[in-house]
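Read the numbers this way: they start at 1 and go in the same order the structure lists the ligands and their atoms.
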Amino acid sequence: MSDEASRVEAFAPGRVNLIGDHTDHTGGLVLPMAVAGGVTVRGVRGGGRVLVRSEAFDEPADLPLVVDDPATVSPGWARLVAGVLAELRPDEGFEGRVSSTLPLGSGMSSSAAFCVAVALALGAPADDPVGLAELCQRAEQRALGVPCGIMDQLVSAAGREGRALLIHTGARTWREVALPDEVEVRVVDSGQPRTLAGSAYASVRDRCVRARELLGDLIGADPEAWRGIDDPSVATAARHVIGENHRVGAFADALGRGDVAGAGRLMVESHRSLAELGVSTPALDSLVDRLLAAPGVLGARLTGAGFGGWVVVLCTPGALDEGLRVEPSAGARVRRG
Ligand code: GLA
């Protein structure tokens, strides 16, 4: 186990989604960027067990290579490791440590970054970002029982320095989107922590999926098509997803033209639509309103699932001195030996 050649260090970034939330349940459009912060797993491959220690928890994840039901593993944080094991089925073990530079519960996708870093450390191929993301999505779904989409894992795996990614989540394809020099992206904490397991995430997903069953592809759909749906909660979901898919494309176009004010307005429309969908909270709404009143702030919205967490802000450089500045960063990487 001390063989230099079996040493491995894997890193996977978190993400901030600029626009396009609750669209990946129906294969829609999203526009996230990987950030500099993320999860690092360092250790040595070999042996017949997986032993991972975390700086954040006393009890380690200590698991056999074959795990049948990741959701029943303890301690709780080891479930994600177990989920990755169950999906990856590596033929050798691992012993190492995990550390994170992402604030937990921030909505910057710490759990997706965790799974991607663990999967790479355990030997998942690094040259197939779609396969890696799909494996980690299944792992997270099995481990936490949350029917998360593919956005977070895919941008963590495929991120590019200096670029956001416009991802078609159904086709698993993307194109890079540059941010104009006249803007910066910041994230500001609403003070309300969030976990998807304790939220209404699954029922929002079901409403979106039902809307797609009723209307077909929600990318490029008639913006008024939702009016034909009888169930008001499904109609609201359809209205959000159709509009949000459209806003993602319009946002990328606006940035491409250097229309940063237009891009900011689309973020605000996105937030209002997510609030109607029922995934915002009073803390998120009042933070967005307060930030929008600050000079130089072009747009602000909840980012990710909602139900708490952080707000993403588009502003002129230096306009805001709260929160954290985030820059589009490279995706996951692994170093061996
Ligand atoms: C979470 C999920 C993503 C996506 C967003 C909402 O971050 O992990 O797949 O559904 O919520 O856009």
J.: So if I count the atoms of ligand 1 from 1 in the order they appear, which ones are less than 4.0 Å from some heavy atom of M151?
T.: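 Numbered from 1, ligand 1 contributes 4 (C), 5 (C), 12 (O).
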J.: Is the backbone of A275 close enough, under 3.5 Å, to the side chain of S280 for a donor and an acceptor to pair up by distance?
T.: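 A pair under 3.5 Å: no.
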J.: Given V311 and L284, is the side-chain contact (heavy atoms from CB on, under 4.5 Å) satisfied, shown in steps?
T.: CA-CA 7 Å; V311 161; L284 286 167; 3.7 Å; yes
J.: Heavy-atom contacts with H22 under 4.0 Å: which atoms of ligand 1 show up? List them by number with element.
T.: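 Here the atoms of ligand 1 in question are 6 (C), 12 (O).
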J.: Thinking salt bridges, do R172 and E134 make one under a 4.0 Å N-O criterion?
T.: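 Here R172 pairs with E134 in a salt bridge, since their nearest N and O are under 4.0 Å apart.
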J.: Could you report the tightest heavy-atom contact between L65 and L85, atom names first, then the distance?
T.: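 Heavy atoms only, the tightest pair is O-CD2, 4.0 Å.
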J.: Would you say the ring centroid of H25 lies under 6.0 angstrom from that of Y201?
T.: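 Yes: the rings meet the under 6.0 Å criterion.
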J.: Of D152, I150, T169, which has the heavy atom at the shortest distance from atom 7 (O) of ligand 1?
T.: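 Heavy atom nearest to atom 7 (O) of ligand 1 belongs to D152.
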J.: As a test of understanding, state which of T26, D24, V234 forms a side-chain contact (heavy atoms from CB on, under 4.5 Å) with C208.
T.: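 The residue from T26, D24, V234 that satisfies side-chain contact (heavy atoms from CB on, under 4.5 Å) with C208 turns out to be T26.
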J.: Which ligand 1 atoms are under 4.0 Å away from a heavy-atom of H25?
T.: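 Listed by number with element, the hits are 10 (O).
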J.: Just distances here: any N/O of D21 and N/O of ligand 1 closer than 3.5 Å?
T.: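 For ligand 1, there is an N or O atom that lies under 3.5 Å from one belonging to D21.
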J.: In terms of atom number and element, which parts of ligand 1 are under 4.0 angstrom from non-hydrogen atoms of R15?
T.: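 Those atoms are 7 (O).
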J.: Taking only heavy atoms of D24, which atoms of ligand 1 are found under 4.0 Å from at least one of them?
T.: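 Near D24, meaning under 4.0 Å from one of its heavy atoms, ligand 1 has 3 (C), 4 (C), 9 (O), 10 (O).
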J.: I want to check something: taking the side chain as every heavy atom from C-beta on, are V98 and R53 in contact at a cut-off of under 4.5 Å?
T.: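 Of all side-chain heavy-atom pairs linking R53 with V98, none is under 4.5 Å.
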J.: With backbone taken as N, CA, C and O and side chain as the heavy atoms from C-beta onward, which portion of R205 lies under 4.0 Å from ligand 1: side chain, backbone, both, or neither?
T.: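 R205 to ligand 1: no contact under 4.0 Å from either part.
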J.: Are any of the N/O atoms in C148 less than 3.5 Å from those in ligand 1?
T.: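 Among all N and O atoms of C148, none is under 3.5 Å from an N or O of ligand 1.
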